[in-house]
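Below, read A as the first sequence line, B as the second, and so on, with proteins coming before strands; counting in each chain starts at 1.
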Amino acid sequence: MKRISSIFLFIGVIAFSGALGFYLVKIMPIQQDISFADNIENIQKLQALDAAWSLSALHTYSTPNSDFDEVAAYLPIVRELRKTLGISELATGDVPDTLKNKLMRFLLIIESKEESIEHFKSNFAVVRNSLKFLPLASRVLNTKFRTMGDKKNAEEISSLYERTNVFLQRPDEGTQVELLMALNKKDEILMEFPEDVANPLGNFISHARVLVERKIQLDASIERVVNLQANKVGNELISQYKTYYSETLGKQYDEKFINFIFSLIAALLLAIVAITGVVILFRQGQEFDEKLEQGIAEKTEAYESAASEASGSMVDKNLGQSMEGMGRMVATVTHEINTPLGYLGSNLQVLHNGMEKMQTLMNEFSTLKNDLSNMDDNSQISSRIDNFSILVQNTQDEAMLDELPEIVDDMQGGIEQIQHVIKDLGDFSRKDRSDEDWFEIKQCVESALKMAKKEITAGTKVQTDLKDVPEIFGSPAEMNQVLINLINNAAHAIEATGRDNGLIKIRTSLEKGQVMVSVMDNGEGIDEETRRKIFEPFFTTKDVGKGTGLGLAIVRRIVTKHGGKVLLKSIPGKGTNFVFVLPVKKKPQE
Amino acid sequence: MSKTHRLSQKDDVMQMMLAIKQTLKSSKHFSWKCTCGFTLCFFLISMVCISQVLAGEPLLDEPIKPIPLTVDVDPKKVALGRLLFHENRLSGDNTVSCATCHNLKTGGVDRTKFSTGIKGRKGPINTPTVFNSGLLFRQFWDGRAETLEDQIDWPIQNPVEMGSQWPDVLAKLYDDDKYPDMFKAIYEDGITRENVKNAIAEFERSLITPNSRFDQYLRGDANAITAKEKRGYMLFKRYGCISCHQGVAVGGNMFQVFGAVNSYFKVRGNITEADMGRFNVTGNPEDKHVFKVPSLRMVALTPPYLHDGTAKTMLDVEHVMFKFQLGRKAPLKDKEAIVEFLKTLAGEHPEMKK
C-alpha cells in the first residue's frame, strides 16, 4: 500500500510539474502587432489616394472651366491618413530602422505630393490665362505698330511671338534664357514709346515673360504630380513589412517552443524516471509543434488575405502603369487640342469686338441717312459726314477689318487641327468599320498605296511583290488602315534621312500556312529603346503636332484582333521591316 | 465642413476609385483598356467642344458651384462654440473675443485695414471673414493652419491679438458657472484645449452663407440675377479672374503668387514679413509672396481689401488685380459690371441679422 501510494505521489508530482510547465508556456504572451493590418490598409489607401489624386489633377488640367474643389478635397483625407501612419506602431514602435526609414520615405513622398499639387494649381491658373491672352496681345500690338508705320517693331513682335510659341511646344532652358533676354531688352525701351503703345507692349512683354518663366515650372509640377513614386515605394514598404511581420511572429513562436522544451526537461529532471509521463509529454509536445506550425501559417494567411482584400477594394495593381499611360494620353490630347483652342478663343474675341464696332457703324449710318434726308444746311451735312468718316476710320483701325479673313483662316486651321486629332482617336477606337467579310490582301495593299501616295516623297520608289495568297476573313477597311499606317511610317522614316533613293518594298506570301505581309523601308531605322515602346498608344517620335502616336498601336490592335501578330526588325540607320502574319481560315463552301 | 460631411466626401473619393479600379480590372484586355481610355478621352473632348460652343450662355455646369443649403453640424457644439466665439475671457486681459475682429453683423470682419488686439495692438495683416471659412482648403492668408481647429491656436496665443495662454483660458472657463456643465454634456473629458477649439471650429463650420442670388442662378433660376450682373460674370470669366476664383467659395482652394504677371511689391515697396506669404511657412523661394486665393463670397460686405488692406473699394481691388494678376487693361464699365456680379455672391446666415 505504501509502495502504491508513493507511486501515486510520484505520478502526481510528475503530472503536476508537467501541467505547470504547459501552463507557464501557454500563458507566455506572443507579442502581436495588432496594428499590422490597419497599417497595411492605410498604406494601401494612401497609395490609391495618391494615384486618384494625380488623375483628378490631370482631369482638372484637361478640362476647360474646371474648378479646383475636387483636387483640394483630397487634402484633408490624405493628411489624416498620413498623420495616422506617422504616429502608428510602425513609425514609433520597436521595428527595424530600415523599415522605419522606408515608411518615412513613403510619407515624405506623399507630403511632397501635396506641395507639387499646390504648385501645379498656381502655375496652371496663370499659364492658362496668359496662353489665352498672348495671341490677342500680340495682334493688338502688331496692328498698333503697323498703323504707326513702324515695320521694324511690328516684325520683331511677330518674331518674338512666334519664338514664344515654338518654346511653348518644346520648352528648353537655353531658349528660355534667350527669350527672357529678348523680352528684357524690349522692356528697357518701353519708356521710349507713347502711352498708347507702351501699354499694349507692356502687356505683351508681361504675358510672354510669364509663359516663358512658368511653362517649365508647370511642366515640372505636372511631371511630379503624374510621377507615382508613392506606388512603388509603398509596394516595397508593404512587402518589407509583411516579411518582417511573419519573421517576428515566427521568432516568438520559436522562443515559446524552446521554453516548452525547457519545461519538459525540468519535468523530466523532477521525475527522473517515469516512462509513461515522458511518453505522454512527448506526444503532447508533438501535437503542440504541429499546432505551432499551423498557427503561424494561419496567421500569415489571414493577414495576407485581409491585406489583399483591402488592396482589392482600393486599387488595382496595374493602376500605376495605367496611370502613366493615362498621363501621357491626357497630356498629348490636351496639348493637341488646347493649342488651337487657345487662338480660337482669342480670335473669337477679336471677331466679337469687330462685330460690336461694325454694329455701331451700321446704326450710325442709318441715323445719318435719316438725318440727311431732313437737312437743308450744307455745312451741317458736311460736318455730319466728317463725323461719320471719322467713325469709319476708327472702325477700320480698331476692328482690324483687313485682318478678319486671316483671323477666320486661322480659326479654320485650328478647327482642322482639332478634327485631325479627333479623327486619329476615332480610327483607334472605332467599331463601325469592323464589318467583316472574306477579302484579298492584295487589294488592300493596292488601295492603301493609293491613299498613302501623298506621304511618299518624290525620290522614293515603291516595289511590290504580291504573291497569290488565300483570302482573309476580317475587316478589309481595318486592314487598309494597317497598311496605310505602315506605309506612312516607312515614308516618314525615309523622309527623315533626307535621301533621294528611298525604297519601300511590300511583299505578301504564304509561309507555314499563314499569310505574311511585310513592309520594308530603307529609312532611318528604329533604335532598341524606341522599339520597346513603339506599340504603346501615344508614343511618338515625331514633333508635337505632327503625330498623335496612335499609328502603330492601331496596327497592333487590328492585327491582334484578326488573330495575327506584328513583328519588327530594324537596323538603325539602315532601315526597318514591319511584318505581320494572319492566320488562314477555312472558307465555308458556298 | 463637419465630420460627417468630410466622411461623405471620403466616400465619394472611395467610390470614384472603386469605379476606376473596376474599369481597369474589367479591362484586362489591351484593346478594352484603350476603348475605356478613349471613351474618357471623347468625353473630355466633347466637354471641350461643348463648352467652347456655349461659352457665355448660362450653364448649370459652371466653374463656380453653389454653397450647400445645409451643413451637418452638432447643434450643441455650435451653441457652445457660439458662446466661446463671443467670449472675451479667451484673451489675456478679458477685452477681446473672436467676434471683436470677426464681427458677424458686419460680414465676419471689422472692416478696418488691420484689426486691433489687446492693449490697442495692431495686427500685421487684414482680417479675413469667418463666414464660409469651413469651405476653405487651409486657414490664414499663408495657409499655415490646415484645419479650423488648428487655426484657433494662433489668435489665442498671438501677443498682438488675444495674447493669452491656454492654461489661463481653461482656468477661466472652469471658474465660470455655465461652461463646466456645458462641456461635460458634450465632451467626456470636459474642458480641454482640444474641446474648446473643436467647439469654436464647429460653430465656424456652421457659418455658411447659402442661397445667394448667384447660387439661385446656378441652380437654374435664370432671372435671379440681372442682365448687367450676368455680363459681369461673363467678363469675370473672360478676363481670367475665374482661373483662381472658382469652386464653391469662389476662391479659397488654391495658392497664387501676388504679382503673377507684374510685380506688386516692387510698386508698393516697404515689404513686411507678412508680405512674404507662404514663404514664411515653407521656406521655399518659389513660395515668396504666395497667398491663399481668398474667397469672394462675402466680398461685397468686407472692405477694405487685399492682405495689406490697401484697397478701399471693390473697384480699387479690381484695378490692382487687372494690373498685377491679369496684366491687362479693361474699360471702367467692364470693371463696374464685375462689381455688380460680385455683389450677388454673398448669401444668407441668421447671424448676419442678429
Practice prompt. Mark yes when over 12 heavy atoms from residues, nucleotides or ligands other than A/Lys565 sit less than 6.0 Å from its NZ; otherwise mark no.
Written response: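 Count not over threshold, so no.
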Worksheet item: Can you say whether A/Arg79 sits under 4.5 Å from chain B via the side chain, the backbone, both, or neither, judging by heavy atoms?
Response: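 For A/Arg79, the side chain is the part near chain B, not the backbone.
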Worksheet item: Looking at side-chain heavy atoms only, is the closest gap between A/Glu80 and B/Glu146 below 4.5 Å?
Response: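 No, too far: nothing below the 4.5 Å cut-off.
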Worksheet item: In terms of heavy-atom proximity below 4.5 Å to chain B, should A/Glu213 be classed as side chain, backbone, both, or neither?
Response: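 No part of A/Glu213 comes within 4.5 Å of chain B.
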Worksheet item: For B/Gly327, does its backbone N or O pair with a side-chain atom of A/His207 as donor and acceptor, under 3.5 Å?
Response: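 Such a contact is found between A/His207 side chain and B/Gly327 backbone.
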Worksheet item: Taking atom types as modelled, is there a side-chain donor on B/Gln246 or A/Asp69 under 3.5 Å from an acceptor on the other?
Response: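 Note: B/Gln246 and A/Asp69 side chains miss the donor-acceptor criterion.
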Fill in: Electrostatic pair B/Arg138:A/Glu118 at N-O distance under 4.0 angstrom
yes
Worksheet item: Any side-chain heavy atom of A/Phe120 within less than 4.5 Å of one from B/Met254?
Response: no
Discussion item. Just verifying a value: how many Å separate A/Phe68 CZ and B/Ser243 OG, rounded to the nearest 0.5 Å?
Written reply: 7.0 Å
Fill in: Under 3.5 Å: donor-acceptor pair, side chain of A/His119, backbone of B/Glu286
no
Item to complete: Please list, chain by chain and in numerical order, all residues satisfying salt bridge (charged side-chain N to carboxylate O under 4.0 Å, His left out) with B/Asp215, sequence neighbours excluded.
Response: B/Arg297
Discussion item. Can you confirm whether A/Arg214 sits close enough to B/Val257 that some side-chain heavy atom of one is under 4.5 Å from a side-chain heavy atom of the other?
Written reply: yes
Worksheet entry | For B/Arg238 against A/Lys132, the heavy-atom pair lying closest together |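 The answer is O-NZ, 4.0 Å.
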Fill in: Electrostatic pair A/Asp67-B/Lys65, nearest N-O below 4.0 angstrom
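Answer for the salt bridge query: yes.
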Worksheet item: How close do B/Asn262 and A/Ser206 get, heavy atom to heavy atom, and via which atoms?
Response: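 Residues B/Asn262 and A/Ser206, closest heavy atoms: OD1-OG, 2.9 Å.
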Worksheet entry | A/Lys121 side chain near B/Phe255 side chain, heavy-atom distance below 4.5 Å | no
Worksheet item: Under 4.5 Å between any side-chain heavy atoms of A/Val126 and B/Gln325, yes or no?
Response: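 Sidechains of B/Gln325 and A/Val126: no contact.
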